[in-house]
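Accompanying notes for the structure given below.
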Amino acid sequence: RSYTGTSRQPVRLTPAFIDRIYSEITTYQTTQTGSATPKEGEMDYKTFLDFVLAMENKKSKEGLRYFWRLITLPSRPYLDSYAINFFFRDITRTLKENDIEPANAMDVKDEIFDMVKPQDPLRI
C-alpha cells in the first residue's frame, strides 16, 4: 500500500492519505477461481488507473473531484480544521523526522481559508 508517483511526478503520500484512499475507494482481489471478490488493501486495475490519472491531472475538474472525495469525510462533506489537522499530522511527523521545522497546522488552515475565502468561515 504505497505509491511513489511516476518518473515525471515523484510523490510521497502520507499514511493518513493512503488510509483515506483505501477506505473510500473500492478494492478487489482475484480468487483462485478467477472471480473478483472485495478485499481491503488492493486496487483493481481500473481503480488504479483512476488514481494515477487523478494524480497526473490534479488541476482538472475530475482530478479535483477525485481528491475532494478523499480529503473530506463522509460525515463531513466539507474541509474544516478537523480535516486539515487529520492530514497535517502525518506531514508534521515526516518533516520532524527529516529535521525540518513544520509550520503550525492552524497557520496552514488560515492560509488555505484566506486563499479560498469561503462563505462559511469555519468550512470550505
Side-chain angles (χ1 to χ4, degrees):
R1 286 176 40 156
S2 66
Y3 176 77
T4 57
T6 65
S7 59
R8 293 182 307 153
Q9 292 183 322
V11 64
R12 181 174 180 181
L13 302 176
T14 64
F17 190 77
I18 292 171
D19 287 345
R20 282 295 300 144
I21 293 168
Y22 282 92
S23 66
E24 187 64 30
I25 306 298
T26 305
T27 57
Y28 294 96
Q29 165 191 322
T30 303
T31 63
Q32 290 178 345
T33 61
S35 64
T37 57
K39 179 182 179 187
E40 187 176 329
E42 294 183 7
M43 286 185 185
D44 66 7
Y45 187 66
K46 181 194 175 304
T47 302
F48 177 72
L49 286 178
D50 289 343
F51 172 75
V52 170
L53 288 170
M55 289 296 292
E56 291 186 355
N57 298 287
K58 293 179 193 88
K59 293 181 181 180
S60 71
K61 187 185 293 187
E62 295 80 8
L64 291 171
R65 201 172 286 130
Y66 183 92
F67 288 109
W68 186 258
R69 190 173 78 187
L70 296 179
I71 65 172
T72 58
L73 304 174
S75 62
R76 304 165 89 115
Y78 48 82
L79 189 61
D80 61 3
S81 294
Y82 175 82
I84 292 169
N85 284 321
F86 176 79
F87 291 106
F88 200 71
R89 237 175 289 153
D90 282 344
I91 294 169
T92 299
R93 186 178 307 117
T94 301
L95 290 172
K96 285 181 179 179
E97 287 170 0
N98 291 292
D99 295 323
I100 299 170
E101 186 63 32
N104 178 293
M106 291 312 294
D107 290 343
V108 171
K109 186 223 59 113
D110 290 343
E111 289 292 327
I112 292 169
F113 277 67
D114 286 348
M115 286 187 287
V116 174
K117 297 177 179 42
Q119 290 179 341
D120 183 335
L122 299 177
R123 63 187 191 185
I124 298 173

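- Distance CD1/I91 to CD1/I100: 12.0 Å, rounded to 0.5 Å.
- Among residues two or more places apart in sequence or in another chain, the side-chain hydrogen bond (donor to acceptor under 3.5 Å, both in side chains) test is passed with R76 by D80.
- Identified under the side-chain hydrogen bond (donor to acceptor under 3.5 Å, both in side chains) test for residues 93-115, with sequence neighbours left out: D90-R93.
- Formation of a donor-acceptor pair under 3.5 Å by the R20 side chain with backbone atoms of T72 is found in this model.
- Criterion: ILVMFWY side-chain heavy atoms under 4.5 Å apart, direct or through other members. Under it, L64 and M115 are not part of a common hydrophobic cluster.
- Hydrophobic clustering places F87 together with Y22 (ILVMFWY residues linked when any side-chain heavy atoms are closer than 4.5 Å, directly or through intermediates).
- With rounding to the nearest 0.5 angstrom, the CG atom of L122 is 7.5 Å from the CZ atom of F113.
- Connection of M106 to F88 is not established within any shared hydrophobic cluster, with ILVMFWY side chains joined at heavy-atom distances below 4.5 Å, either directly or through further cluster members.
- Residue I71 is grouped with residue V116 when hydrophobic side chains (ILVMFWY) are merged at heavy-atom distances under 4.5 angstrom, including chains of intermediate members.
- Around the OH atom of Y82, the shell of radius 6.0 Å holds no more than 12 heavy atoms that belong to other residues, nucleotides or ligands.
- The CD1 atom of I112 sits 6.5 Å away from the CD1 atom of I124 when rounded to the nearest 0.5 Å.
- One finds the NZ atom of K58 at 12.0 Å from the OH atom of Y66 (value rounded to the nearest 0.5 Å).
- What you find for L95 and P102 is that their closest heavy atoms are CD1-CB, 3.7 Å.
- By the 30° and 60° cut-offs, the orientation of the rings of F51 relative to F48 is tilted.
- Taking CG from L79 and CZ from F86, the interatomic distance works out to 12.5 Å, rounded to the nearest 0.5 Å.
- In this structure, M55 and L13 approach most closely via the heavy-atom pair CE-CD2, 4.1 Å.
- To the nearest 0.5 Å, the span separating CZ on R69 from CD1 on I21 amounts to 10.5 Å.
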